[in-house]
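I have placed the structure first, in the form of structure tokens, so that the comments after it can refer back to it.
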Amino acid sequence: MGYLHCCGSLHKTRTFMLAPAENFTICELDILQQCPVCGHYVVQLTRIDKNNNISTIRHSNSKARKFFEKIKSKILYEEKFYDYSKNYHTSFYLNYNEYGVKKRCYSNISNLKLGKI
């Protein structure tokens, strides 16, 4: 997920990978559908050439819409990001202790005999 700077803060955007032109290795297109502060439609094209020089093209509002329609045919795919920070855990609880005996009290930690022979 890309970010664009608009109205003094970064906003999440949709990111598309483009077919690179002759001298470029990577081309990315970031689209901010509507800025939450000012409501502008912003498009930014970021390109990296073979010498690792970065060039950007940025348009907003009607120029951005025209630019996106012009470049839409060169889009290869949209980057989808999965948020791994969310902890998807279950509420599974093992009701047996280390000896295979069913636990009677969940808070009785003093009865655990881990490491004893």
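Numbers here are sequence positions counted from 1.
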Flag side-chain contact, heavy atom, 4.5 Å: Phe16 against Asp30: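 They are not in side-chain contact.
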Would you say [X] and [Y] are hydrophobically clustered, going by side-chain heavy atoms of ILVMFWY under 4.5 Å?
X: Ile75; Y: Ile31; answer: yes
X: Phe68; Y: Leu76; answer: no
X: Phe24; Y: Leu18; answer: no

Stepwise side chain to side chain contact (heavy atoms under 4.5 Å, CB included) check, Thr13 with Tyr3: CA-CA 5 Å; Thr13 62; Tyr3 291 91; 5.7 Å; no
Residue pair Lys66, Glu69: steps toward the salt bridge (charged side-chain N to carboxylate O under 4.0 Å, His left out) verdict: CA-CA 5 Å; Lys66 289 176 187 175; Glu69 290 299 323; over 6 Å; no
With Ile57, the side chain to side chain contact (heavy atoms under 4.5 Å, CB included) member among Leu45, Ile71, Thr46: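 Looking at Leu45, Ile71, Thr46, the match for Ile57 under the side chain to side chain contact (heavy atoms under 4.5 Å, CB included) is Leu45.
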Step-by-step side chain to side chain contact (heavy atoms under 4.5 Å, CB included) determination, Glu78 to Arg14: CA-CA 8 Å; Glu78 180 179 358; Arg14 293 176 61 193; 3.0 Å; yes
Side chain to side chain contact (heavy atoms under 4.5 Å, CB included) between Arg65 and Tyr41, worked out: CA-CA 8 Å; Arg65 294 180 204 284; Tyr41 180 83; 3.6 Å; yes
Within this structure, what is the [atom1]-[atom2] distance for the pair [X] and [Y], rounded to the nearest 0.5 Å?
X: Ile26; Y: Glu28; atom1: CD1; atom2: CD; answer: 7.0 Å
X: Met17; Y: Tyr77; atom1: CE; atom2: OH; answer: 4.5 Å
X: Gln34; Y: Cys6; atom1: CD; atom2: SG; answer: 10.5 Å
X: Phe67; Y: Gln44; atom1: CZ; atom2: CD; answer: 10.0 Å
X: Lys63; Y: Lys70; atom1: NZ; atom2: NZ; answer: 12.0 Å

Backbone N/O of Asn53 and side chain of Asn51: donor-acceptor pair under 3.5 Å: no
Polar side-chain atom of Ser60 near backbone of His40 as donor-acceptor pair, under 3.5 Å: no
Distance-only donor-acceptor check, side chains Ser9 and His11, under 3.5 Å: yes
Where Cys38 and Cys7 come nearest, the two heavy atoms and their spacing: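 Heavy atoms of Cys38 and Cys7 come nearest at SG-SG, 3.2 Å.
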Steps toward side chain to side chain contact (heavy atoms under 4.5 Å, CB included) verdict (Val43, Leu4): CA-CA 9 Å; Val43 173; Leu4 281 180; over 6 Å; no
